[in-house]
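Numbering of residues begins at 1 and proceeds along the displayed sequence.
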Amino acid sequence: MDIKSLYNEWLEKATADPDLIEELKSVAGDEEAILDRFYRCLEFGTAGLRGVIGAGTNRMNYYTVCQATQGLSDFLNAHYEKPSIAIGYDSRIKSDYFSVEAAKVLAANGIKVYLYEELQPTPCLSFAIRYFKTQSGIILTASHNPAKYNGYKCYNSNGYQMTDEEAAETYEFIQKVDYFTGIKTMDFDEAVSKGLIEYMGDDVIEAFLDEVQKQCVNPEIIKDADLKVIYTPLNGTGNKPVRKILKRIGVEKVYVVPEQENPDGNFPTCPFPNPEIRQAFECGLKMADEIKPDLLLATDPDCDRVGIAVVDYDGSYKLMSGNEVGAMMLNYLLSQKKAKGTLSDESIAVKSFVSTDLAEVIAKKYNCRFKNLLTGFKYIGELVTQLEAQGKADNFVMGFEESYGYLAGTHARDKDAVVASMLICEMAAYYKAQGKSLAQVMDEIYDEYGYYCNTVASYTFEGASGMEKMAGIMDSLRENAPKSFAGLDITVIDDYKTSVSTKVSDGSTSTIELPKSNVLAYTLTDGNKIIVRPSGTEPKIKAYITAVGETREAAQKIADKLQADADEIMK
């Protein structure tokens, strides 16, 4: 069916949500706007669906969500006799609506649904899957994307996002579902009365918080530290659970940013609700002038990522990167576990392979085993699940990604900003008792191990032409491999798509023992590195840069040169 016919069909049949017809009428005659809405269908992958909210096959709306849910229902019924599922949602526009409509589709297909009564963090959904022993889970969220986006993530029975195989098979079922004739649904109240939809109560959240609290290492220190924290949930889901866990561990002085306290999918004071960027902290930093906190915390809308700003030497507040927080948290946990005698020869930490190599150096000091995995927290979730199956779950120290995602404990199998916020505050209290800020602690780590400058350069390619350009860039890098970056020779090229690692000096190869992924990694002289990876959820290519030097200035100089070369490639 051509684009015009698709448009006309939706204009006639997409009546379930009046907003869709109104939008379609508003773009009548605008060929470019119509093309953008219909040139493709949203693809379903291991990260589920993600797209702009609106009308069309390339948008997040009633029909694309329900089509995906019908396909998921068919997948679950094909594999399980009496499947069940847990559903959560965040503060984004239509997240609550999509969650209810998805529940109605699942119920119509005979699948028992456990639905959160109100918005909850993504890690709470991961927890609920294992709490109720469901076969799957759905969370309606677009993480830290701008307000125009929403998303639909699917989880398996282990509590982490679907594997490649599960997602591929589910997508096959989805593609067989007609948007207008193939979706089963039923009345919500009828589904509740028949026991097909059941709301989860506060007891589930309390059980989640109980497990989070068990990750405290030095609970006795916190109450006496007189820690002052400014916190912003960025109009998302973190407000209640983060404040509850901090109160539980004795952090009494928590000041919440009022403009960003309550759920609001429009994110009026923060167009990019991403704790990786300074804008997310602007309202909190204004409060800091008067309150003078020890640190500021910001969790993204679905509360699976957390960023911090800490007191610098001159009294100002500096933002710490995800790599810095991950390395510092690992150093804290390992040092404290060793001091308490709870660190074993089997203890293990893990990170995504694009995250800072500093963490691996720290782990080595404490004789802690270490693993690098592909980007995507499901791979960390898989590792935790494997440890649990071996009866070794207690060996898991923590896992993290440079994009501000951390997990300590095995209560969730996805990144968890609730447990991370708790541990960050505990860590700050511990060092405050020694007269140190977290900025000073990080500098001490750099003094010991060398300075690691880790930066991420993102390159956006919007629309149909953008997707083609992204593919062309990756193909060109493979066909015409560069020999150096920033004047530094490439010593090893790792192609995760072909699973081949090539030593440049002699051309010898070895096999990469990780799942295939469209990623190219270049190891350079002196421990420097650049990794090129298309995003799985956004129209972007990201270049992950590692520059190592004896000083901040030396490392930054190398990082700037590496990024300049990356900029040229992405033109």
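Remark: Glu388 engages Arg130, Arg413 in a salt bridge (charged side-chain N to carboxylate O under 4.0 Å, His left out) (not counting sequence neighbours). Scanning for salt bridge (charged side-chain N to carboxylate O under 4.0 Å, His left out) contacts around Asp302 gives an empty result, with sequence neighbours left out. Under the rule for a ring-ring contact (aromatic ring centres under 6.0 Å, His included), the partners of Tyr114 that lie at least two apart in sequence or sit in another chain are Phe132. Under the rule for a side chain to side chain contact (heavy atoms under 4.5 Å, CB included), the partners of Ala147 that lie at least two apart in sequence or sit in another chain are Phe267.
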Expected list for residues 451-462: side-chain donor-acceptor pairs under 3.5 angstrom, two or more places apart:
from: Tyr451; atom 1: OH; to: Arg552; atom 2: NH1; distance (Å): 2.9
from: Asn454; atom 1: OD1; to: Thr356; atom 2: OG1; distance (Å): 3.0
from: Asn454; atom 1: ND2; to: Thr546; atom 2: OG1; distance (Å): 3.0
from: Tyr459; atom 1: OH; to: Asp567; atom 2: N; distance (Å): 3.4
from: Tyr459; atom 1: OH; to: Asp567; atom 2: OD1; distance (Å): 2.6

Just list the side-chain donor-acceptor pairs under 3.5 Å for residues 421-428, sequence neighbours left out, or say none.
from: Ser421; atom 1: OG; to: Ala417; atom 2: O; distance (Å): 2.6
from: Glu426; atom 1: OE1; to: Val217; atom 2: N; distance (Å): 3.1
from: Glu426; atom 1: OE2; to: Val217; atom 2: N; distance (Å): 3.1
from: Glu426; atom 1: OE2; to: Asn218; atom 2: N; distance (Å): 2.7
from: Glu426; atom 1: OE2; to: Tyr332; atom 2: OH; distance (Å): 2.6

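Asn145 and Arg50 share a donor-acceptor pair across their side chains, judged by distance under 3.5 Å alone. Side-chain contact, Tyr231 with Thr299: a donor N or O sits under 3.5 Å from an acceptor N or O. Of the N and O atoms on the side chains of Asn156 and Glu166, at least one donor lies less than 3.5 Å from an acceptor on the other residue. Inspection of the Glu169 and His79 side chains reveals an N or O donor paired with an N or O acceptor under 3.5 Å. Ser508 and Lys503 share no donor-acceptor pair across their side chains, judged by distance under 3.5 Å alone. Side-chain contact, Asp494 with Thr523: no donor N or O sits under 3.5 Å from an acceptor N or O. Using modelled atom types and a 3.5 Å distance limit, the side chains of Tyr379 and Gln161 yield no donor-acceptor pair. There is no side-chain donor-acceptor pair under 3.5 Å between Ser136 and Tyr80. Under 3.5 Å, the side chains of Thr237 and Asp90 contain no donor-acceptor pair of N or O atoms. For the residue pair Asp414 and Tyr155, a side-chain donor N or O sits within less than 3.5 Å of a side-chain acceptor on the partner.
Summarising the geometry of Tyr544 relative to Arg533, their closest heavy-atom pair is OH-NH1, 3.0 Å, with the distance given to 0.1 Å.
Ring geometry for Phe44 against Tyr171 counts as parallel: the plane angle stays under 30°, on a 0 to 90° scale with 60° as the upper cut.
Within the 4.5 Å cutoff, side-chain heavy atoms of Lys351 are placed close to those of Asn372. Considering only heavy atoms from C-beta on, Tyr496 stays 4.5 Å or farther from Lys516 through its side chain.
Ring to ring, His144 and Phe272 are not that close: their centroids are 6.0 angstrom or more apart.
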Can you list the steps and then say if Asn109 with Asn77 is a side chain to side chain contact (heavy atoms under 4.5 Å, CB included)? CA-CA 8 Å; Asn109 283 275; Asn77 281 324; 3.9 Å; yes

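Classification of Glu401 and Arg305 as a salt-bridged pair fails, no side-chain N sitting under 4.0 Å from a carboxylate O.
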